[in-house]
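Working notes for the structure below.
Any value given below was found using the heavy atoms of this structure, including those in side chains, with hydrogens, waters and symmetry copies removed.
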Amino acid sequence: FLYFIGEAARKKEEVPPNPCQQPTMADADTIRFLITTDNHLGFMERDPRRGDDSFVTFEEALSAGRVEYDCDAAILGGDLFHDNK
């Protein structure tokens, strides 16, 4: 399952370079993927304290991929939702 992040939705903010990232090719030739697995959206959703944790964390991961790492697409593996409804 691929979730493409469109140019219109991308936030262009000035972000300092990631010291862990080692450029190997020119940015124009690079396709960046955000990979998440076993997100289990909806886990403990009825708990008054942790109800939105899985959704907030998933949104933070997508935002980091879009803003901090300028990812072109996200690969979602494993269980996206906690329960089949």
Side-chain angles (χ1 to χ4, degrees):
F1 179 81
L2 292 177
Y3 177 80
F4 289 95
I5 303 169
E7 286 294 323
R10 241 178 248 236
K11 294 179 183 177
K12 294 295 180 182
E13 297 179 8
E14 195 64 34
V15 178
N18 182 356
C20 298
Q21 186 178 10
Q22 298 178 3
T24 56
M25 299 188 314
D27 283 340
D29 296 331
T30 303
I31 298 175
R32 296 181 183 185
F33 291 96
L34 169 71
I35 301 172
T36 66
T37 62
D38 296 311
N39 296 290
H40 288 274
L41 295 176
F43 178 72
M44 306 246 341
E45 65 186 336
R46 291 192 172 90
D47 185 285
R49 191 164 195 189
R50 295 182 56 192
D52 289 335
D53 282 358
S54 62
F55 296 102
V56 171
T57 303
F58 184 65
E59 187 175 354
E60 287 175 356
L62 291 179
S63 179
R66 182 175 46 221
V67 176
E68 294 177 35
Y69 299 102
D70 198 27
C71 292
D72 298 302
I75 299 173
L76 309 176
D79 298 328
L80 179 59
F81 297 102
H82 186 66
D83 293 320
N84 291 332
K85 293 184 180 180

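Phe58 is listed as a side-chain neighbour of Leu80, based on a closest heavy-atom distance under 4.5 Å. Looking at heavy atoms from C-beta onward, Phe55 lies out of side-chain contact with Asn39 at the 4.5 angstrom threshold. Between Leu34 and Ile75, the closest side-chain pair of non-hydrogen atoms is not below 4.5 Å.
Although no hydrogens or angles enter the test, the distance criterion places a donor-acceptor pair under 3.5 Å between the side chain of Arg32 and the main chain of Tyr69. A donor-acceptor contact shorter than 3.5 Å is absent between the side chain of Ser63 and the backbone of Glu59. No donor-acceptor distance shorter than 3.5 angstrom exists from the side chain of Thr37 to the backbone of Gly78, with no hydrogens or angles considered. A donor-acceptor contact shorter than 3.5 Å is absent between the side chain of Asp79 and the backbone of His40.
Phe43 and Val56 fall into different hydrophobic clusters, defined by Ile, Leu, Val, Met, Phe, Trp and Tyr side-chain heavy atoms under 4.5 Å apart, directly or through other members. Clustering ILVMFWY residues whenever any of their side-chain heavy atoms sit less than 4.5 angstrom apart, transitively, puts Leu62 in the very cluster that holds Phe81.
How far CD of Glu45 is from OG of Ser54: 7.5 Å, rounded to the nearest 0.5 Å. Summarising the geometry, atom CG belonging to Asp52 is positioned 10.0 Å from atom OG1 belonging to Thr57; distances are rounded to the nearest 0.5 Å.
Considering every non-hydrogen atom in both Thr30 and Asp72, the closest pair reads O-OD2, 3.7 Å.
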